[in-house]
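Bear in mind the structure is a predicted one, so any value in this text is a computation, not a measurement. Just follow the structure's listing: the first ligand is 1, and inside any ligand the first atom is 1.
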Amino acid sequence: MNLYSIKELLKKGTQCLNEKVTVQGWIRSFRSNQFIALNDGSGQKNLQIVLDYNNFNTDLLKQLTNATSIKVNGVVAESKGAGQEIEVIAEEIEIYGYANPEEVQETILQPKKHSLEKLREQAHLRFRTNTFSAIMRVRNALSFAIHKYFNENNFCYINTPIITGSDAEGAGEMFTVTNFNLNNIPKNDNGDIDFTKDFFSKKTSLTVSGQLEGEAAAMGLGKIYTFGPTFRAENSNTTRHLAEFWMVEPEIAFYDLDKTMWLAEDFLKYCIKYAIDHCKDDLVFLNQRFEDEQKQKPKEEKTEHNLLEKLDFVLNNSFVKLSYSKAIEILKKSKPNQKGKFKYPIEKWGADLQSEHERYLVEKHFKSPVILYDYPAKIKAFYMRLNEDGKTVRAMDVLFPGIGEIIGGSQREERLDILKNKIEDFNIDEKELWWYLDTRKYGTVPHSGFGLGLERLVLFVTGMGNIRDVIPFPRTPNNAEF
Ligand code: ATP
Ligand code: MN
């Protein structure tokens, strides 16, 4: 008996005819007392097991219900049914774990009948659905592609701390990490919390970005990237934000912003292409799902392209590159702005762009991914390089259809005096950043980098609508189940 995963066996197909094989998995359906659709999570496609009920006792047959796990020994045969090349004629069936159909909410395994929200409450059955298992396999392929891309381009993978002592990153609200007895928190004479008595003798938090530490590494290793968990305590209950997500942050010595924009585009296209090449069955399935979902939508919300066309479009077209100032001009004159349709009307230069503006540019005006650059210094972080004009910085955001911002990056301010002024303007305590300022004191170089939220990329490639459906165990306001 040769043991196969279902994916392997289906791939080998008729090469395995008449071979005695063992396969294992969970029953997706059992019909006519004869056909089992078996899935082991290795791929989108089920394996058909055919059994002659005269050869099995009725006790066993009764236990062949949806979600029950089994092991099958049998022989590979050519399939007479449509949709599959081979099937396995069962000789022996062993039940690993019976699932009582009255207890299993059967609909759980048929997401067409069941909402994605409901599935989020089913920690493990969720992984058995076609939809979620497809998403997880695409997520896996994208994660692998990310490492592969950077590895092939000589980046060094480094791990930045998850517990950080610097609260100057400025990328969002932070979760405090403490070892205090919360019923008896030490206070100093002013009545403030005395963090000198805490585990690290200072206030610490979960990281919102590994960038500052990544810069320190790039100042010796040249090209680095981080890829790790990131935390933001912002109370934004949107379909694009998680409290815990995975961020990829390359940082490159000697790169200016133009090179970094090129890198971001090349990198995104590489990852998307990798998923298309390696997740065919899953993307075909998700494309069907996307099309079905589109049919339910009102006309003005329908997209021009289906999922596969959308992915191809991104691969085959150059991203539009546009300065913030030009974007403001376009937005000011835009129909939704003139007609008061934006929640945040664009009145003048300096306005922070909201997701409605980003999506207008990408989905309506250019109908293409857009990279915006040279933003007003006031709305961006302190470490971004000041332009000659004294009011804009070398920042860039990559904006994607249906997503808005997928990447945020910049050329960093490498000039010590200008950086110090910025730190003062932003009311940050310079002492907190002594180690960061050191990178500008001893052999500073021009350098740049960006951050990509893995889940935003998975969202785009899978065509899903809510970021909670592309991460195994979502953490969001009021929700940290499992
Ligand atoms: P946004 O404006 O969408 O909230 P941001 O500007 O705060 O994002 P950055 O600090 O630039 O985000 O982080 C870099 C990238 O990390 C973003 O482009 C996005 O892909 C991702 N990201 C940021 N915040 C979140 C979040 N809460 N959940 C998931 N991904 C996120
Ligand atoms: Mn950003």
Side-chain angles (χ1 to χ4, degrees), residues 139 142-143 146 160 164 168-175 206-212 214-215 225-251 257 260-261 264-265 267-268 271-272 319 324 327 344 351-359 361-362 369-384 393-412 448-461 464-477 479-480:
R139 182 183 167 109
L142 287 169
S143 300
I146 288 164
T160 46
T164 175
E169 283 155 341
E173 291 293 314
M174 302 178 99
F175 288 102
L206 292 177
T207 184
V208 290
S209 157
Q211 181 203 317
L212 301 190
E215 282 186 58
Y225 73 106
T226 70
F227 187 178
T230 308
F231 308 86
R232 298 197 182 172
E234 43 204 1
N235 203 353
S236 43
N237 243 316
T238 75
T239 54
R240 308 276 176 270
H241 291 89
L242 291 160
E244 177 179 301
F245 62 101
W246 286 69
M247 182 132 78
V248 182
E249 294 178 277
E251 190 70 37
L257 191 71
T260 309
M261 289 197 266
E265 179 169 349
F267 164 67
L268 285 169
C271 294
I272 294 168
F319 298 0
Y324 165 92
Y344 301 91
D352 203 354
L353 298 185
Q354 306 294 328
S355 131
E356 57 179 349
H357 309 125
E358 298 173 344
R359 293 184 61 172
L361 291 170
V362 171
V370 174
I371 308 186
L372 288 187
Y373 60 90
D374 286 352
Y375 282 77
K378 285 213 173 73
I379 60 170
K380 287 289 180 187
F382 75 90
Y383 48 73
M384 298 187 179
V393 287
R394 298 247 76 192
M396 64 113 175
D397 278 357
V398 182
L399 311 178
F400 260 33
I403 306 283
E405 179 184 332
I406 191 163
I407 279 181
S410 65
Q411 183 168 339
R412 321 304 189 189
S448 307
F450 62 76
L452 163 80
L454 172 68
E455 288 76 14
R456 299 233 177 135
L457 179 61
V458 182
L459 206 51
F460 180 73
V461 175
M464 298 302 290
N466 192 322
I467 199 161
R468 295 160 208 223
D469 294 323
V470 302
I471 186 164
F473 302 98
R475 266 81 188 95
T476 48
N479 174 43

Looking at Tyr344 and His357, what are the two nearest heavy atoms and their distance?
->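 What the structure gives for the nearest pair is O-NE2, 2.7 Å.
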- request: Could you pull out the closest heavy-atom pair between Met396 and Ala264, with the gap in Å?
  value: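 That closest heavy-atom pairing would be CE-CB, 4.0 Å.
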Heavy atom to [atom], shortest distance: which of [options] holds it?
atom: atom 30 (N) of ligand 1; options: Phe231, Phe450, Phe245; value: Phe245
atom: atom 6 (O) of ligand 1; options: Glu358, Gln211, Glu405, Glu244; value: Glu405
atom: atom 12 (O) of ligand 1; options: Lys380, Arg232, Met247; value: Arg232

query = In terms of ring plane angle, is the pair Phe267 and Phe450 parallel, tilted or perpendicular, where the classes change at 30° and 60°?
reply =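 Phe267 and Phe450: tilted rings.
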Take the angle between the ring planes of Tyr375 and Tyr324 and call it parallel below 30°, perpendicular above 60°, tilted in between.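 Judged by the thresholds at 30° and 60°, the geometry between Tyr375 and Tyr324 is tilted.
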Check: Per the side chain to side chain donor-acceptor pair (under 3.5 Å) rule, which among His241, Arg240, Glu234 passes with Thr238?
Finding: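 It is His241, the one option of His241, Arg240, Glu234 that forms the side chain to side chain donor-acceptor pair (under 3.5 Å) with Thr238.
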* Asked: How is the N/O/S atom of Glu405 that comes nearest to the Mn ion (ligand 2) named?
  ->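 Nearest N/O/S atom of Glu405: OE2.
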Closer than 4.0 Å to some heavy atom of [X] - which atoms of ligand 1 meet that?
X: His241; result: 1 (P), 3 (O), 4 (O), 26 (C), 27 (N), 28 (N)
X: Ile407; result: 18 (O)
X: Gly408; result: 18 (O)
X: Arg240; result: 28 (N), 29 (C)

*Leu452 N/O to ligand 1 N/O under 3.5 Å*: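 No, there is no polar N/O contact under 3.5 Å.
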Problem - ligand 1 to Ile467 polar contact by distance, N or O atoms, under 3.5 Å - result: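 The answer is no, given that Ile467 and ligand 1 share no N or O pair closer than 3.5 Å.
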- request: Start with the C-alpha distance between Leu353 and Leu372, add both sets of side-chain angles, then the distance that settles side chain to side chain contact (heavy atoms under 4.5 Å, CB included), and finish with yes or no.
  value: CA-CA 11 Å; Leu353 298 185; Leu372 288 187; 3.4 Å; yes
Yes or no: does Glu455 have any heavy atom under 4.0 Å from an atom of ligand 1?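 Outside the 4.0 Å threshold, so no.
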- Query: Non-hydrogen atoms of Glu234 versus ligand 1: any pair closer than 4.0 Å?
  - Reply: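 Per 4.0 Å heavy-atom rule, Glu234 contacts ligand 1.
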Run the side chain to side chain contact (heavy atoms under 4.5 Å, CB included) check on Leu457 and Ile407 step by step: do they pass?
CA-CA 9 Å; Leu457 179 61; Ile407 279 181; over 6 Å; no
**Prompt:** Closer than 2.8 Å to the Mn ion (ligand 2), do we get an N, O or S atom from Asp397, backbone or side chain?
**Reply:**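 Coordinating: no.
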Is the shortest side-chain heavy-atom distance between Glu358 and Glu405 below 4.5 Å?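 Yes, close enough: below the 4.5 Å cut-off.
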Side chain, backbone, both or neither: Asp397 near ligand 1, heavy atoms under 4.0 Å
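Near ligand 1, Asp397 shows nothing, with every heavy atom at 4.0 Å or more.
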Check your understanding: Would a line drawn from the ring center of Phe400 to the ring center of Phe460 be shorter than 6.0 Å?
Key ->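 Phe400 vs Phe460: aromatic centres under 6.0 Å.
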